[in-house]
Every structure is written in C-alpha cells, then in structure tokens.
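Please read the structure below before turning to the comments.
In this text the structure is predicted, and so the values were computed from the model without any measurement. Atoms within each ligand, like the ligands themselves, are counted from 1 in listed order.
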Amino acid sequence: MITTATAPGKLIVLGEHAVVYGKPAVALAIDKRFACTIQESDATYLNGNIADFDSNPHIRKILEMHGLRNIAITTESAIPPSSGLGSSAALSVALTAAVRKHLKKEIDENDISMEAFEAEYTAQGRASPIDTSCSTHGKGVALNCPKDVGKHLWTISKCSESWDVSDIPVPRMTFVVGYTGIRAATGPLVEKVKKFREHSRFASDIIDEIGNITLEGMKAMNKNDIEELGRIMTQDHKLLSILGVSCKELNKYVDASLAYSYGAKLTGSGGGGSMIALTERPDLVCEAIRLRGGQPFVVRTGVDGVSVDP
Ligand code: PMV
C-alpha cells in the first residue's frame, strides 16, 4: 500500500522565539506544501537511500512512536529547507499523518499535532508547538491568545510551559516573503536566545515585550486593522534584532520593503531564512527585495492544513 500526506508551511506573523517561553504567537499556513509518501519495504529508506536518522532525528522519533520499521519514505517539498517557513514541521506533520493512515489509526488533528510536536522537540532540543499546530490545522493559528480572539483547538504542555492553541480568523492580507537563501537551523538560534535570557534580565524583558506587542497585534488582526498590525510587525522585528536573531540581509530587505508596506519583519527563527512584508503593493516590495539580492515571492495565506490521500 502506498500512502501520501501533505502539509503546509507557515509564516509567523508575530511572536517567534518568545513563544518558546509560553508567550503568545500568530502563524498562518501558506500555499507551499510538503508531501510525504510511504510504503512497506525491506529496510528504512529516505528518498532512495538508507535513512540517516542522525541527520533526521524527527523522522526517527515518529517511526519509533509508532513502532514502525522497514518503510520507504519519499519526500517532495515546495518549502525551502531552513528558511523560517516551517519545512521541518511540515515534514513531521505529513509523515505523522501518512504513518497513521498506513497503520489504519485515526486521522485526528489533535493527535497528529501532538506527535509532530514531540518529534520537533526531540530534533530541535527545545521548541514551541506553533509550527506543528499551524501545519496540522492550517488556516490561522494563535498560541495563548485572549479567549475572544480565537476558538480553542487543543492545549499542549511540555516541561514547565503550556500553550493553548486556537483557530483564528484570517483577514484578507497580502504577504511577500523575502528569502535570503541563507540556511539557518532553528535549534542553535533557539539555544542562543535561551542563553541570552538565562544571563540577562534585559533579554527576558525583551521577550516579555514581544509577548505584549503580539497580544496587541492579535487584537488588531481580529479587528481587521491591517495598518496597526503592520506597525506592530515592524516593532517586533526591532525587538528580535535586539535578541540577536536577525542578520544584515534580513535587515536590508525589511528596510527596503518598508517604503511600500504596512510593516515588515523576519519570520521564523531568523539568522538567515526569510522575512515577510505585509503590503498592498507586492510588485514594488518584490522588486525592492530582488534589487538587494533576496528571493521574493508572494504567498497565499490561510490555506488548508494536513491532508491524507484517500
Ligand atoms: O524557523 P522555524 O520555521 O523553525 O520557526 C521557529 C519558531 C521559533 O519560535 C523560533 C521556535 C519554536 O519552536 O517556536
């Protein structure tokens, strides 16, 4: 039997890094998907080679959780790896769904998001469930948002942190992504912020401030106040830069986009990866990013989450 599942990438509108410490965050699913096909085999393969689990601890974790061996996994992705757009989480979500279908287990969003989060947590060392929840549910997802902003989906707890995951309405918005082409793994950036926070009261204040403005941004988005949301995104970029997770390319594309946008910021873990601009003039923003050496593209947000071939 051959089973295929696909899951979307995401962009984080507000709250990355701070969300690891239980602060609020907002993410939207994007129209770039990760596809995972599995079938029984004589050993465990990944894209035609014997699976290297040291490079793919999330895959090992998912197979272990389900006691599955001897499976050939084939992947195909439209999400650039280590780009801040959630390719690893989309893999974990798509593989979890494919494995559950293969084993004739229930295809339940809550179970898939929990298991995919376990896998990402193992791979990343420390993580929040923002990426895996958004990739599973799709549409718009907020973590730890006020009750009147979203509809509660599930709660995930790990160590001393807990996250209430909610579905939120997604207003009509146009986002341009500016990809730096620089691959930056999430784990080391999360670790960098952790060390900074442990050694500096200033860093934990910045994380609190990201949490505060993210709440304001959620309310603005809920009221369809795109101008205010953009202003808060730009403010968030400044705070993330102070935390040390931006880089000169991201700052350059953010600066260049601001002339034609409501707001712009890095998205995801940073250090390279991608930035986003919220705009009504996507062509001008794309041109500004391209002129500075970035790879721009317009994304559609609020798309469907994980899906398994019948
Ligand atoms: O760069 P990405 O897509 O892996 O986004 C990670 C978001 C962080 O907040 C930096 C980490 C996390 O697990 O929440």
Fill in the blank from the handout: shortest atom 6 (C) of ligand 1-to-protein heavy-atom contact is with T186 CG2, 3.8 Å
Completion exercise
The side-chain contact (heavy atoms from CB on, under 4.5 Å) partner of Y45 among N70, I38, I50 is I50
Problem - R197 to Y21 six-membered ring, cation-pi geometry met (6.0 Å, 45°) - result: yes
Handout entry: Lys/Arg cation over aromatic F297: K32, 6.0 Å, 45° cone
Key = yes
Exercise for the section: Decide whether the shortest distance between a heavy atom of K10 and an atom of ligand 1 is less than 4.0 Å. Expected result: yes
Practice task
Could you find the nearest protein heavy atom to atom 14 (O) of ligand 1 and give me its residue, atom name and distance?
Solution key: S128 OG, 2.6 Å
Handout entry: For V20, atoms of ligand 1 separated by under 4.0 Å from a heavy atom
Key = 11 (C), 12 (C), 14 (O)
Practice task
Return yes when atom NZ of K139 has more than 12 non-hydrogen atoms of other residues, nucleotides or ligands closer than 6.0 Å, and no otherwise.
Solution key: yes
Fill in the blank from the handout: For atom 7 (C) of ligand 1, the closest protein heavy atom turns out to be I12 CD1, 3.7 Å
Practice task
Indicate yes or no: does an N/O atom of S269 lie under 3.5 Å from an N/O atom of ligand 1?
Solution key: yes
Handout entry: Test salt bridge (Lys or Arg N to Asp or Glu O under 4.0 Å) applied to R231 and E228, step by step
Key = CA-CA 5 Å; R231 192 187 62 72; E228 173 72 352; 3.0 Å; yes
Completion exercise
Among non-hydrogen protein atoms, atom 8 (C) of ligand 1 lies closest to H17 N, 3.9 Å
Practice task
Could you tell me whether G86 and ligand 1 have an N or O pair separated by under 3.5 Å?
Solution key: yes
